[in-house]
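In what follows, a structure is listed as structure tokens, so that the remarks can point back to it.
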Number of protein chains: 2
Amino acid sequence: MADINSSAKKPAATVAEGGGMTQTGGDAAWDIIELLFFAYRDFVGDPDEVLLKYTFGRAHHRVLHFVNRNPGMKVADLLDILNITKQSLGRVLKQLVDQGFIVQKEGEQDRRQRLLYATPKGEALSHRLAQLQTERINRAFGELGPGAHEAARRFLTAMIDADNREGVLRLIARADRAKTRS
Amino acid sequence: MADINSSAKKPAATVAEGGGMTQTGGDAAWDIIELLFFAYRDFVGDPDEVLLKYTFGRAHHRVLHFVNRNPGMKVADLLDILNITKQSLGRVLKQLVDQGFIVQKEGEQDRRQRLLYATPKGEALSHRLAQLQTERINRAFGELGPGAHEAARRFLTAMIDADNREGVLRLIARADRAKTRS
DNA sequence: CAAAATATGTCAACATGGCTGACATAAATT
DNA sequence: AATTTATGTCAGCCATGTTGACATATTTTG
């Protein structure tokens, strides 16, 4: 996973309390660094508990998620998204296929491809896991005022590497279209 | 790390594009789920490269970060924050101590305690890693308008388990005070 | 068509960083 | 004096990442 970071003796201070007072000069993001760590930890913690019952881990979760969101995606595309080696992917993918959560279909144009699809069973699990996370997110947006969703979306987008940013947005938009018309 | 999630056939759609149009009913957080995944991946990716040169991993990063932010913290406190076993902590902590990034001092009141402190060397590394992440964060806040920091802070805070939330905020506030007066 | 490139899978070995269980030691508490 | 607490340590297991070497089927190219 990942981490937080820290340190430096001279933060401009007055950052992590309650009111406003942001942007003290340019370096005072300790609060964001740590909040991101704790928020992400809890965010991924919800699904973890469910996954335990299936002898699955986070790796399975990630695979199932993206396959379900992008029906018919190529193995190579999945590797790009997950940023892992095909050997690592192969291990968890095989388990998901063997246990009937994902199926692979030969590509029609290119028969070397093994296009990936979530089975109804896989879709159900993926949805159940997503539901947990969606509940946390919507609860947060409920606590904050309207506009919170948009603000979070903009913040998270701006945190992504500028190179990938467009690709990520395209991926999300494409997945939305794919799942919407079904 | 953790994961994203996905699925469900009937998202209210029209979420991940460009304009406004949020909150379509209550369940449409797929964009946030995936953006959080990619944002966090890039966020922790920066330090990873630096850590490679030290034969350190993310585990070391986390330990060094919190020790540096909370000088003199007890081992037990660190275990609570990281949410790992003492055996897991012991492994990376030992390496950080052996290589001179962290020192342990006997507690004055309770001499069973081994209070943790970052050495100047440890502080330097911690700061260097934090700087990378701070740059990403400040770049993001620069792209977005003013108020972005505050909005991100509120969003991330609301994403934390309600139970821990106060404790986390106290921890961050305390760390800020500790590092500020130095 | 034959040769090369591509998409995918697989075997083997290794590293990191989680985990459990069992003990050990010193210091504080009862 | 007995117990509890704070910490450390040994040993082994598991999940998930890595590299390197091949194998197979299919498409693309010269």
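A, B, ... follow the sequence lines: proteins, then strands. Residue 1 opens every chain.
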[X] vs [N]: side-chain N/O to OP1/OP2 distance below 4.0 Å:
X	N	result
A/His60	D/dA15	no
B/Thr85	C/dC19	yes
A/Arg62	D/dG17	yes
A/Arg111	D/dT26	yes

Under 4.0 Å between any heavy atoms, over every strand shown, what does [X] touch: base, sugar-phosphate, or nothing? Just pick one.
X	value
B/Gln109	sugar-phosphate
B/Gln95	nothing
A/Lys74	sugar-phosphate

Out of D/dG17, D/dT9, D/dG8, whichever nucleotide has its closest atom nearest the side chain of B/Gln104: D/dG8
Nucleotide of C/dA28, D/dT26, C/dT8 approaching A/Arg114 most closely (side-chain heavy atoms): C/dT8
Nucleotide [N], atom [atom2] - distance to [atom1] of [X] in whole Å:
X	N	atom1	atom2	answer
A/Leu115	C/dT8	CG	P	8 Å
B/Lys86	C/dA22	NZ	P	13 Å
A/Lys105	C/dA7	NZ	C1'	18 Å
A/Leu79	C/dT6	CG	P	16 Å
B/Leu82	C/dT16	CG	P	19 Å
A/Asp98	C/dG9	CG	P	12 Å
B/Asp48	D/dG17	CG	P	13 Å
A/Leu78	D/dG17	CG	C1'	15 Å

If the threshold is 4.0 Å, N to carboxylate O, is there a salt bridge linking [X] and [Y]?
X	Y	result
B/Lys74	B/Asp110	no
A/Glu106	A/Arg112	no
B/Arg139	B/Glu143	yes

5' precedence on DNA chain C between A/Arg112 and A/Gln87 (nearest-nucleotide basis): A/Arg112
Given DNA chain C, 5'-ward residue of the pair B/Ile84 and B/Thr55, judged by closest heavy atom: B/Thr55
5'-most by nearest nucleotide on DNA chain D - A/Asp110 or A/Leu89: A/Leu89
Residue closer to the 5' end of DNA chain D, A/Ser88 versus B/Asp77 (nearest nucleotide): B/Asp77
Residue A/Arg165 excluded, over 12 heavy atoms near CZ under 6.0 Å: yes
Test item: side-chain donor near acceptor, A/His127 and A/Asn68, under 3.5 Å: no
B/Ala130 backbone acceptor or donor facing B/Thr134 side chain under 3.5 Å: yes
